[in-house]
Amino acid sequence: MTALRSTFLRTVSERGYLHQCTDLEGLDARMGGGPVVAYIGFDCTADSLHVGSLLPIMLLRHLQKSGHKPIVLMGGGTTRVGDPSGKDEARKLLSDDDIARNMAGIKTVFGKFLTFGDGPTDAVMVNNADWLDGLNYIAFLRDYGRHFSVNRMLSFDSVKLRLEREQPLSFLEFNYMILQAFDFLELARRHQCALQMGGSDQWGNIVNGVELGRRVDGLDLFGLTTPLMTTASGAKMGKTAQGAVWLNADKLSSWDYWQFWRNTEDADVGRFLRLFTEMPLDEVARLEALQGAEINEAKKVLANAATLLAHGEEAARQAAETARRTFEEGALADSLPTVSVPAAELTAGIPAFALFTKAGLAASNGEARRLIKGGGAKVNDTPVTNEVAVIGAADLKDGAIKLTAGKKRHVLVKLE
């Protein structure tokens, strides 16, 4: 491959975002001729995005910083259908009210990563319900359905994998790739959008959009995908034993977000610094070369930089200071997650396993008992050996009881 000339494509290639492109040389040439409009779609299946969506958000950020224009497409229409890509079963169908509520929650994330406005490279946010809601079904099938081969659609992974696993695929979901292709065509018509980006599981949908634009309007469109994101141990990115790592602070505290990045596996530190921060590559190379206990310093740098982008400078500073006080000084830090317990309940005393469950450090009483039996539970930094040991008001220290699960998960119990 010849050397890439456009800043954006060089950046995404060097930092590890680039997986596939429909015409890399053609896109490189197009991007050298002035601002290119590009989009990524986000369906509104929850009221916050999680870390699994951070890769496409960072891709849009690099696009804008390279002098191009990002479009954030909210899937107000396609969320009603459900994307089968990477799913073993159909999504739960959401009401219009649910979709609207989820969209409102999701929108707040993007302002932290992108600059919105009316300028030539300012980001814009659009909703595909604006054109999908008004479609005439018969006219749509006649004008656009004829450009799609069912044989070809069956060959795409989003469909083929579901069928190979003998999981049902509804006709509703089967239509999703046609709607996504139509989105690309509409954005090309309305906003001169020339590039659609997404995860590797979107490749078939993106290719359909590129081909639809060429067949219907003679447009020269492009598609680009990022690699499938998993951790070094094979876990799905954005999921932990405690649940999703949400980007909205009202769903996950900045402290817990910082902790997620601090707990990165050693083998992932360099890759995550390249993908989820804007740190210069020579500094990334220095940090990922650290060995032994020193790699923990690189993890703190990663946690600080990632939290800075998602939650702001003050939240990142507070999280780092909380970690320092908690781990290095053994102090109770006010910014640790807290749970309030009625004074009468704490005065009477609560069995240790029940308190760990109430604090959210275990999903069930059984899990809490196993945590304690396995030696993974502490109260005020002292190991708990008896699962039914009574924890009460006498254990309050500076007005709180510090519970610890494992090495890095902490909660303060305070009086209600």
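Values below: every heavy atom of this structure, side chains too, minus hydrogens, waters and symmetry copies.
- Taking every heavy atom of both residues into account, G270 and E288 meet most closely at CA-OE1, 3.3 Å.
- For NZ of K112, the number of neighbouring non-hydrogen atoms (other residues, nucleotides, ligands) closer than 6.0 Å is greater than 12.
- Residue pairs that meet the salt bridge (Lys or Arg N to Asp or Glu O under 4.0 Å) test with at least one member in residues 336-349, sequence neighbours left out, are E345-K358.
- The heavy-atom pair separating H19 from P227 by the smallest distance is CB-N, 3.5 Å.
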Next on the checklist: Between V269 and L290, does the side-chain contact (heavy atoms from CB on, under 4.5 Å) criterion hold? Intermediate values first, please.
Outcome noted: CA-CA 10 Å; V269 171; L290 296 175; over 6 Å; no

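- Within the 4.5 Å cutoff, no side-chain heavy atoms of D201 are placed close to those of L228.
- Rounded to the nearest 0.5 Å, atoms CZ (F8) and CG (L18) are 9.0 Å apart.
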Item to check | Stepwise side chain to side chain donor-acceptor pair (under 3.5 Å) test for Q196 and Q180 | outcome: CA-CA 10 Å; Q196 181 184 174; Q180 184 170 329; 2.7 Å; yes

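- Between the side chain of R274 and the backbone N or O of E14 there is no donor-acceptor pair closer than 3.5 Å.
- Pairs passing the side-chain hydrogen bond (donor to acceptor under 3.5 Å, both in side chains) check and including a residue from residues 304-317, sequence neighbours excluded, read W258-N304, E314-R317, E314-Q318.
- The distance from the CG atom of L187 to the CD1 atom of I71 is 5.0 Å, given to the nearest 0.5 Å.
- Between atom OG1 of residue T78 and atom CG of residue N128 there is a gap of 4.0 Å, rounded to the nearest 0.5 Å.
- With values rounded to the nearest 0.5 angstrom, L371 atom CG is found 10.0 Å from L403 atom CG.
- Sorted pairs that involve residues 340-359 and meet ring-ring contact (aromatic ring centres under 6.0 Å, His included), not counting sequence neighbours, are lacking altogether.
- The side-chain heavy atoms of L252 and F260, taken from C-beta on, include no pair separated by under 4.5 Å.
- A donor-acceptor pair under 3.5 Å is absent between the side-chain atoms of T264 and the main chain of D268, judged by distance alone.
- Between V379 and K402 there is no side-chain heavy-atom pair separated by less than 4.5 Å.
- Residues L247 and I57 form a side-chain contact, since some pair of their non-hydrogen atoms from C-beta on lies under 4.5 Å apart.
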Next on the checklist: side-chain contact (heavy atoms from CB on, under 4.5 Å) for Y39 and D183? Distances and angles first, verdict last.
Outcome noted: CA-CA 10 Å; Y39 92 95; D183 282 346; 4.0 Å; yes

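- Ring planes of F276 and W261: tilted class, angle from 30 to 60°.
- Heavy atoms only, all atoms of each residue included: C44 and I99 are closest at CB-O, 4.0 Å.
- When atom types are taken as modelled, the side chain of D28 and the backbone of S6 share a donor-acceptor pair closer than 3.5 angstrom.
- Partner L224 forms a side chain to side chain contact (heavy atoms under 4.5 Å, CB included) with one of L59, T22, I206, D23 and no other, that one being L59.
- T225 places no side-chain N or O within 3.5 Å of a backbone atom of W203 that could act as its donor or acceptor partner.
- Legend: residues meeting salt bridge (charged side-chain N to carboxylate O under 4.0 Å, His left out) with R190, ordered by chain and number and at least two apart, are E186.
- Listed for the K378 side chain is no donor-acceptor partner under 3.5 Å among the backbone atoms of T404.
- Atom CZ in F272 sits 7.5 Å away from atom CD in E265 (nearest 0.5 Å).
- In plain terms, the two heavy atoms of L275 and R15 that are nearest each other are CD2-O, 3.4 Å.
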Next on the checklist: Quick one, K299 with D266, criterion side-chain contact (heavy atoms from CB on, under 4.5 Å). Give me CA distance, side-chain angles, the key distance, then yes/no.
Outcome noted: CA-CA 8 Å; K299 293 179 184 181; D266 292 1; 2.5 Å; yes

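- The shortest side-chain heavy-atom distance between N296 and R262 falls under the 4.5 Å cut-off.
- Using modelled atom types, no side-chain atom of D47 and backbone atom of N102 make a donor-acceptor pair closer than 3.5 Å.
- A salt bridge between K300 and E297 is present, with a side-chain N of the basic residue lying under 4.0 Å from a carboxylate O of the acidic one.
- Residues L396 and K414 fail the side-chain proximity criterion, which asks for heavy atoms closer than 4.5 Å.
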Next on the checklist: Applying salt bridge (charged side-chain N to carboxylate O under 4.0 Å, His left out) to R286 and E283, what does each step give before you reach the verdict?
Outcome noted: CA-CA 5 Å; R286 184 188 72 80; E283 179 64 6; 2.8 Å; yes

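- Using a 4.5 Å heavy-atom threshold, the side chains of V126 and H191 count as touching.
- Of the possible donor and acceptor atoms, none in the side chain of K69 sits under 3.5 Å from a partner among the backbone N and O of V124.
- The shortest distance between side-chain heavy atoms of N205 and F184 does not fall below 4.5 Å.
- Looking at every heavy atom in both residues, R5 comes nearest to R10 through O-NH1, 2.6 Å.
- Applying the side chain to side chain contact (heavy atoms under 4.5 Å, CB included) test to K107 and every residue at least two apart in sequence or in another chain returns M74, M103, M125.
- Judged purely by atom type and a 3.5 angstrom limit, N248 uses its side chain to pair as donor or acceptor with the backbone of G105.
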Next on the checklist: Would L4 and L24 count as a side-chain contact (heavy atoms from CB on, under 4.5 Å) here? Give the steps.
Outcome noted: CA-CA 9 Å; L4 295 167; L24 190 60; 3.9 Å; yes

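- Sorted by first and then second residue, the ring-ring contact (aromatic ring centres under 6.0 Å, His included) pairs involving residues 53-78 (not counting sequence neighbours) are Y17-H62.
- Summarising the geometry of A123 relative to F116, their closest heavy-atom pair is O-CD2, 3.2 Å, with the distance given to 0.1 Å.
- Note that CZ of R189 and CG of L185 are 4.0 Å apart. Values are rounded to the nearest 0.5 Å.
- Remark: the backbone N or O of T45 is not paired with any side-chain donor or acceptor of D43 at under 3.5 angstrom.
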